[in-house]
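Reviewing the structure listed below.
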Amino acid sequence: MAYLIEQGIAPANILALTFTNKAAREMKERFISLIKDDHDPKSMKVLFAGTFHSFCVRILREFIEKLDYNKNFTIYDESDQIALLKQVIGKLAGANSDIDANKIKFLIGLAKNKGHEAPTAANGELAPQIFQRYQEGLKLRNAVDFDDLLLLAVRLMKEHPDVLDALRQRYRYLLVDEYQDTNQTQFEIVRLLASESKNICVVGDDDQSIYSWRGAESTHILEFGNFFPNAKTVKLEQNYRCTPNILKAANYVIKNNSKRHLKQLWADGADGDKIRLVASAGEQEEAAWVVAEILNRRRIDNLSWESFAILYRANHLSRTFELELRKFRIPYRVIGGLGFYERREVKDVVAYLQVIMNPSDDISLLRIINQPARGIGKVTLEELIRGAREAKHSIWEEVQLQRQRSGGRSQAGLEKFSDLIHRYHVRFQQETTWSQIMKDLLEEIGFFEDIRRTSKDNNEASSRCENVQEFVSSLAEFEQKREGTLQDFVDNLRLEQKEDKDEEKDGFGVTLMTLHAAKGLEFRHVFLVGVEEGILPHDRSKLEGNVEEERRLFYVGITRAMKGLVLSYCDKRRRYGQEEPRHPSSFLTELPQDVLEHISANSTLTEVKPEVAFDRFSALKAKLSASGR
DNA sequence: CTCTCGCCTGTTTTT
DNA sequence: CAGGCGAGAG
């Protein structure tokens, strides 16, 4: 990107795509720091650097009317999808059918990611019908799901050559990061945009392909030359991040994969510290050891909290570490997991905004029509849904009909709700102080009182109220920056994990995140925790015969570390409130012994003694006898 | 119509 | 353990 700018290419003609918002942010930052001496960073705002999804939203908001959607379409997230699917399944198979909405959602996603119009019948007898009804349901609600964003963008470009042409004119230089993770649809987008100009540059590493479960195919990068025959390949084999010891460990692990593009990674400099393999009795001990080590290391080397990251395979593993960090009042941030906007109270507030902007959005409407309670109960709702279905219009329109008809206890409620949405719809259109309107709305419906009333305790109540307050202040902030419409605000919310607000200014503490989220990032000290058989590799991957992807995940984790790497596992772990025995990951046996140091978390930090010798059979034996007792 | 209680089920990874 | 959901009392 910096090179293109140096060559005099207009920033508006450059399009840079990534897979996560964090990676996009990181890319922008590094780019700005490269060019800031010669160019005004502000003039670079027209350069689009973002995720595939946010790029697609942008072009769809501009052109989607050509596909017979309304411009103010709503983006459905996972829970909205599930809600819609449950409706569809209920309609199709009866209320007490045992069809799992989650499974269907997964199948639909898989099909869409591969660019299919419908899942094949083999996926389950009802799946094709459900898929069809689901898609109709989205359309009816003027909504699109995450995968549709990509699919519709492709359709737009294919069916409307004038649009494609305009986009090609606009985005003349295309760059894609983490290209090994492109799925069929994303590949199609790239191909459509770049096939004429051939001004395309992609970066990727097949050893870091960790999204095949989302339809990513690393063949896209391996066969790049087939689509762009004059492509020039540049191998980046020197690693500037890790110490030779860490890189050696990574190389040893990854070479156990059979399906890969061979390369010789090397790193300069001193070997560095040994990699520490820490065994703990349980997750409490593991967390205690890790946090004590962070405290220690920070003091000794005079480091910032930001130098440390705790990485894990699955989100729920963050909990014990959060508790322990809190105990010592160490600042930290958790990436992912239950996102900010996924919290009940925040979702409710967002749903109000959605309905106000797009009343056809039944899913959001049903969420808030009786929230806080205004006398619209199950019976009324069923009537509304039935009426809407029969008349083939939205529930909102059905509300407009039924509020006229008198009788029934819910009448007043319907009247009130309908009037409320109308009034605020007008206000949001006419006034520009969105945050004030939002405050008025929350006040009028008694949202905070309702939260206090329905919360289990004071703690929960105040934290939920705070979340809503924070939402309102982020709205205020957005409004002050004048960076976009209210619709843009909601889009960002949907597509972006809520990041810590003061992340930019004074650091954000220790980072906790999944291995997937860590890709593309680096930390001075990495603690890769829960390295146990069944967690990494995950049990499910073994069933699905995809252990090699788990190994790549392990590889990604190892190579996030610049100087220090700790791999840690427990002998037992609580799961569903029940304690279970655990065993070290088989991946650990693939590590070169000479770069390892074995540590038992039972020994205190001041007197760290290397364990006798790591012998997994004796370790296993010890565990078996322990569990036997 | 509202609310509480207790049973149930699930936990991979992300936009 | 925790959040979702249905049943049943008020």
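Chain A is the first sequence line, chain B the second, and so forth, proteins listed ahead of strands; every chain is numbered from 1. On a predicted model such as this, the values are computed, not experimentally measured, just so you know.
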Report summary line: The answer to which of A:Tyr211 and A:Ala373 contacts DNA chain B further toward the 5' end, by nearest nucleotide, is A:Ala373
Requested in this report: Using the six-membered ring for Trp and the full ring for Phe, Tyr or His, decide whether A:Trp213 stacks on the six-membered base ring of B:dT13 (centres under 5.5 Å, planes under 30°).
Outcome: yes
Requested in this report: Kindly write out the residues that satisfy ring-ring contact (aromatic ring centres under 6.0 Å, His included) with A:His516, not counting sequence neighbours, or none if the list is empty.
Outcome: A:Tyr211, A:Trp213
Query raised in the report: Distance check: side-chain N/O of A:Asn370 vs OP1/OP2 of B:dC1, anything under 4.0 Å?
Result: no
Query raised in the report: In whole angstroms, how far is the C1' atom of B:dT14 from the CZ atom of A:Phe106?
Result: 13 Å
Report task. Round to a whole Å and report the spacing from NZ of A:Lys378 to P of B:dC3. Result -> 15 Å
Query - Flag for A:Gln135-A:Asp148: side-chain donor and acceptor within less than 3.5 Å - result: yes
Query - Check ion pair A:Glu283-A:Arg574 (N to O, under 4.0 angstrom) - result: no
Query raised in the report: Reckon A:Thr380 touches a base, only the sugar-phosphate, or nothing at all at heavy-atom distances under 4.0 Å?
Result: sugar-phosphate
Requested in this report: Could you pick out which residue, A:Ile376 or A:Arg214, lies toward the 5' side of DNA chain B when each is mapped onto its nearest nucleotide?
Outcome: A:Ile376
Report task. Taking atom types as modelled, find out whether A:Glu322 and A:Tyr332 have a side-chain donor-acceptor pair closer than 3.5 angstrom. Result -> yes
Report task. For A:Gln81, answer base if it contacts any base atom (sugar-phosphate contacts may also be present), sugar-phosphate if it contacts only those atoms, and nothing otherwise; contact means non-hydrogen atoms under 4.0 Å. Result -> nothing
Query raised in the report: Would A:Phe478 and A:Asp488 satisfy side chain to side chain contact (heavy atoms under 4.5 Å, CB included), going step by step from the backbone distance to the final call?
Result: CA-CA 10 Å; A:Phe478 186 85; A:Asp488 292 332; 4.0 Å; yes
Requested in this report: With heavy atoms under 4.0 Å as the rule, sort A:Phe52 into base, sugar-phosphate or nothing.
Outcome: nothing
Query raised in the report: Would one find a side-chain N or O of A:Asn102 under 4.0 angstrom from OP1 or OP2 of B:dG10?
Result: no
Requested in this report: Provide, to the nearest angstrom, the distance between the NE2 atom belonging to A:His538 and the P atom belonging to B:dT14.
Outcome: 12 Å
Query raised in the report: Rounding to a whole Å, what distance do you find between A:His516:NE2 and B:dT13:C1'?
Result: 4 Å
Requested in this report: Could you tell me whether A:Thr20 contacts a base, only the sugar-phosphate backbone, or nothing, with contacts defined as non-hydrogen atoms closer than 4.0 Å?
Outcome: sugar-phosphate
Query raised in the report: For A:Arg374 and B:dT2, what is the distance between atoms CZ and P respectively, to the nearest whole Å?
Result: 10 Å
Query raised in the report: Is a salt bridge present between A:Glu29 and A:Arg25, judged by a nitrogen-to-oxygen distance below 4.0 Å?
Result: no
Requested in this report: Kindly say if A:Thr514 contacts the phosphate of B:dT14, meaning a side-chain N or O under 4.0 Å from OP1 or OP2.
Outcome: yes
Query raised in the report: A:Lys86 or A:Arg319: which one's nearest nucleotide on DNA chain C is closer to the 5' end?
Result: A:Arg319
**Report entry** Sugar-phosphate only, base, or nothing, as touched by A:Glu549 at under 4.0 Å among non-hydrogen atoms
**Finding:** nothing
Query raised in the report: So what does A:Arg552 hit on the nucleic acid, given a heavy-atom distance under 4.0 Å: a base, only sugar-phosphate, or nothing?
Result: nothing
Query - Mutual orientation of the aromatic rings belonging to A:Tyr352 and A:Phe447 [parallel < 30°, tilted 30-60°, perpendicular > 60°] - result: perpendicular
Query raised in the report: Which nucleotide of DNA chain C is the first, and which the last, in the 5' to 3' direction, to come under 4.0 Å of a heavy atom belonging to chain A?
Result: C:dC1 to C:dC5
Query raised in the report: For the salt bridge (charged side-chain N to carboxylate O under 4.0 Å, His left out) test, which of A:Glu579, A:Glu286, A:Glu533 pairs with A:Arg573?
Result: A:Glu286
Requested in this report: For A:Asp539 and B:dG10, give me the distance from atom CG to atom P, rounded to whole Å.
Outcome: 16 Å
